[in-house]
Amino acid sequence: MSVENQRGFAGLPPDFWILMLSLIISNMFILGFSPFIPYFLRNIGAEAKEIGIVLASSRVFYVLLVPVGGFIADIVGRKKLLILGPAITGASYVVLSQVNKWEDAVLPLAFSMLPTAFTAPSILAYIADVASSYSYGRAFGIYFACMNLGAVVGYVIMGSSIEVFGYEFSIALVGIATIASGLTRICLKETIKRRPELSIRQQLLDSYTQLRRPYLLLLISSRSIYLATAGVVGSVLIPLWARDLANMSEMDLSLVFAIEGVVYTILAPIGGRLVEGSHWFLLSLIELLIRSGALLVLANSFDITGVLLALLMDSGFAIFFMPSIDSRISAISEKFHRGAVWGVQQSIMTLATMGVTYLGGLLWDALGPTNTLYIHLTYMVVLTAMLLLLAKTDKQTSNA
């Protein structure tokens with residue numbers, strides 16, 4: 001029986017759930033520790049400018065390598081990279097735990113990010129490999145829920161660990177847990193083998209041909225703009241508004257993000273399941289309208305209740321658009337080129353996020369918080385137009 005035909009809980013195979021378990025474990029510690037990296041760098045002598053240098057330098061490898069990381073997964077197989085990635089990342093954190101000068105933190109942090117260029121496209125491609133096309137929506141909905149669940153729990157675990165045991169022990173714990181998450185992936189089945197009749201050069205050319213299709217480029221662009229805007233609103237605009245205009249404390253902010261995380265974790269699998277039907281366009285459109293309303297609510301929110309409502313509308317109920325897009329990218333990408341497709345998408349998404357985040361900061365300083373929120377509504381208009389184009393293309397394809 002093929003991997004794709006082995007169905008388990010919720011209509012998804014055991015390999016899918018093993019991968020989800022490993023992601024929960026790794027994200028529980030890696031994402032749980034991420035907010036504390038600036039605090040750690042401060043403790044070992046870094047100033048604000050130097051923290052920026054370290055964090056920017058640590059991401060250079062990722063931006064450079066992610067376009068080819070997925071293609072390499074198509075060549076050597078996904079399982080190898082899914083196991084090797086956490087091993088390298090975990091070892092990097094173990095080394096980082098022994099660092100006592102900020103200058104020495106650059107290389108360990110850089111190497112901790114390096115495997116993500118190979119594992120991020122591999123994870124998305126592997127999900128599409130093991131799930132049947134009819135269950136892509138629920139698969140990606142559960143994937144986003146698991147990523148979020150690990151992070152929410154991790155914030156509490158890592159914050160408590162740092163307070164009780166200090167940074168050296170806590171960072172080493174991140175490394176050990178990450179290595180352990182990789183070991184669980186030994187149980188995974190490999191889903192592809194490189195076509196022996198094709199040279200690596202020919203497979204690269206075939207992947208490039210895949211990526212030139214207008215419909216796929218529209219899907220990739222939509223996903224990139226969506227995640228870029230979601231990132232700047234959730235990670236920059238809402239926290240800045242909460243601090244500067246709603247006068248919320250760090251504890252207040254962590255509370256609203258925790259509530260949002262729980263709501264999203266519960267609803268994401270449901271949203272993914274619902275978009276497997278014929279109503280994906282309407283549900284995705286409703287989500288974009290809700291996210292537009294979130295910016296309007298935030299612009300008139302000056303207490304914790306209003307900020308929580310805006311965050312829930314912007315992120316907690318963002319459960320339809322992404323599973324819809326990811327399902328379609330997976331469905332039209334050939335199995336032997338999925339890694340390359342997802343690698344290019346991750347690269348475009350990263351560049352878009354950098355651009356939107358930088359522009360958001362400029363607008364905040366130049367035009368003020370309220371005007372910045374209103375200007376970000378234009379992204380929702382662009383995404384709505386893209387959604388209409390996707391629905392039109394879907395209809396033309398089904399009628400062909």
**Request:** Show the numbers, then the answer: is there a side chain to side chain contact (heavy atoms under 4.5 Å, CB included) between D326 and Y143?
**Result:** CA-CA 11 Å; D326 288 357; Y143 160 72; 5.5 Å; no
**Evaluation steps, side chain to side chain donor-acceptor pair (under 3.5 Å), between Q345 and S224** = CA-CA 7 Å; Q345 192 283 319; S224 299; 3.3 Å; yes
**Message:** Set out, in order, the CA-CA distance, both residues' side-chain angles and the distance that settles side chain to side chain contact (heavy atoms under 4.5 Å, CB included) for L183 and I186, then state yes or no.
**Reply:** CA-CA 6 Å; L183 294 177; I186 293 174; 4.0 Å; yes
**Prompt:** Can W280 and F320 be said to form a side chain to side chain contact (heavy atoms under 4.5 Å, CB included), step by step?
**Reply:** CA-CA 7 Å; W280 71 272; F320 301 119; over 6 Å; no
**Request:** Could you walk me through whether S112 and L96 pass side chain to side chain contact (heavy atoms under 4.5 Å, CB included), step by step?
**Result:** CA-CA 9 Å; S112 73; L96 183 66; over 6 Å; no
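Here the side chain of W364 pairs no donor or acceptor atom with the backbone of L237 at under 3.5 angstrom. Put simply, the side chain of S327 gets close to the backbone of G137: a donor and an acceptor are under 3.5 Å apart. Side-chain atoms of S222 come within 3.5 Å of backbone atoms of L218 as a donor-acceptor pair (strictly under, hydrogens ignored). Under a 3.5 Å cut-off, the side chain of N27 and the backbone N or O of L23 do form a donor-acceptor pair. The backbone N or O of G339 sits less than 3.5 Å from a side-chain atom of D74, completing a donor-acceptor pair. In this structure, D15 contributes its side chain and K189 its backbone to a donor-acceptor pair below 3.5 Å. With hydrogens and angles ignored, the 3.5 Å screen pairs no side-chain donor or acceptor of R213 with any backbone N or O of T209. The closest donor-acceptor contact from the side chain of E287 to the backbone of F321 lies under 3.5 Å. S181 contributes no side-chain N or O that, together with a main-chain N or O of I25, makes up a donor-acceptor pair within less than 3.5 Å. Between the side chain of T353 and the backbone N or O of M349, at least one donor-acceptor pair lies under 3.5 Å.
The two residues S330 and W342 make their nearest non-hydrogen contact at OG-CZ2, 3.7 Å. Among all heavy-atom pairs drawn from A105 and V99, the shortest one is N-CG1, 3.9 Å. The two residues L253 and A242 come nearest to each other via the heavy atoms CD1-CB, 4.0 Å. Counting all heavy atoms, side chain and backbone alike, L12 lies closest to S135 at CD2-OG, 3.7 Å. In plain terms, the two heavy atoms of L149 and I24 that are nearest each other are CD2-CD1, 4.2 Å. For the residue pair L211 and V341, the shortest heavy atom distance occurs at CD2-CA, 3.9 Å.
By the criterion of side-chain heavy atoms lying less than 4.5 angstrom apart, applied directly or through intervening Ile, Leu, Val, Met, Phe, Trp or Tyr residues, F317 is grouped together with L295 in one hydrophobic cluster. Residues M313 and I286 share a single hydrophobic cluster, defined by chaining ILVMFWY side chains whose heavy atoms lie under 4.5 Å apart. Criterion: ILVMFWY side-chain heavy atoms under 4.5 Å apart, direct or through other members. Under it, L308 and L245 are part of a common hydrophobic cluster. Linking Ile, Leu, Val, Met, Phe, Trp and Tyr residues whenever their side-chain heavy atoms come within less than 4.5 Å leaves L107 and I88 in two separate clusters. By the criterion of side-chain heavy atoms lying less than 4.5 angstrom apart, applied directly or through intervening Ile, Leu, Val, Met, Phe, Trp or Tyr residues, L31 is not grouped with L109; the two fall into different hydrophobic clusters.
In this structure, CG on L298 lies 8.5 Å from CG on D314, to the nearest 0.5 angstrom. With values rounded to the nearest 0.5 angstrom, L387 atom CG is found 11.5 Å from M380 atom CE. To the nearest 0.5 Å, atom CG of residue L19 and atom OG of residue S122 are 10.0 Å apart. How far OG of S315 is from CD of E260: 3.5 Å, rounded to the nearest 0.5 Å. How far CG of D206 is from CZ of F336: 11.5 Å, rounded to the nearest 0.5 Å. Here CD1 of I192 is found 10.0 Å from NE2 of H337. Values are rounded to the nearest 0.5 Å.
Because its NZ or CZ atom is both nearer than 6.0 Å to the ring centre of Y226 and within 45° of the ring axis, R291 counts as a cation-pi partner of that residue.
Under the 4.5 Å side-chain criterion, counting only non-hydrogen atoms from C-beta, F118 is not in contact with L82. For the pair S170/M158, a side-chain contact is recorded, criterion being any heavy-atom separation below 4.5 Å from C-beta on. Using a 4.5 Å heavy-atom cutoff, the side chains of I225 and M386 are in contact. The shortest distance between side-chain heavy atoms of R138 and V275 does not fall below 4.5 Å. Inter-residue side-chain proximity for T229 and H376 is flagged as unmet; no heavy-atom pair is nearer than 4.5 Å. In this structure, the side chains of I18 and R185 stay at 4.5 Å or more apart for every pair of heavy atoms. For the pair Y264 and F144, the minimum side-chain heavy-atom distance is below 4.5 Å. Inter-residue side-chain proximity for Y167 and I44 is flagged as unmet; no heavy-atom pair is nearer than 4.5 Å.
Here E190 does not pair with R78 in a salt bridge; the nearest charged N to carboxylate O distance is not below 4.0 Å.
Checking R338, K335, K79 one by one against D129, the salt bridge (charged side-chain N to carboxylate O under 4.0 Å, His left out) holds for a single residue, R338.
Within 6.0 Å of CZ in F302 there are more than 12 heavy atoms belonging to other residues, nucleotides or ligands.
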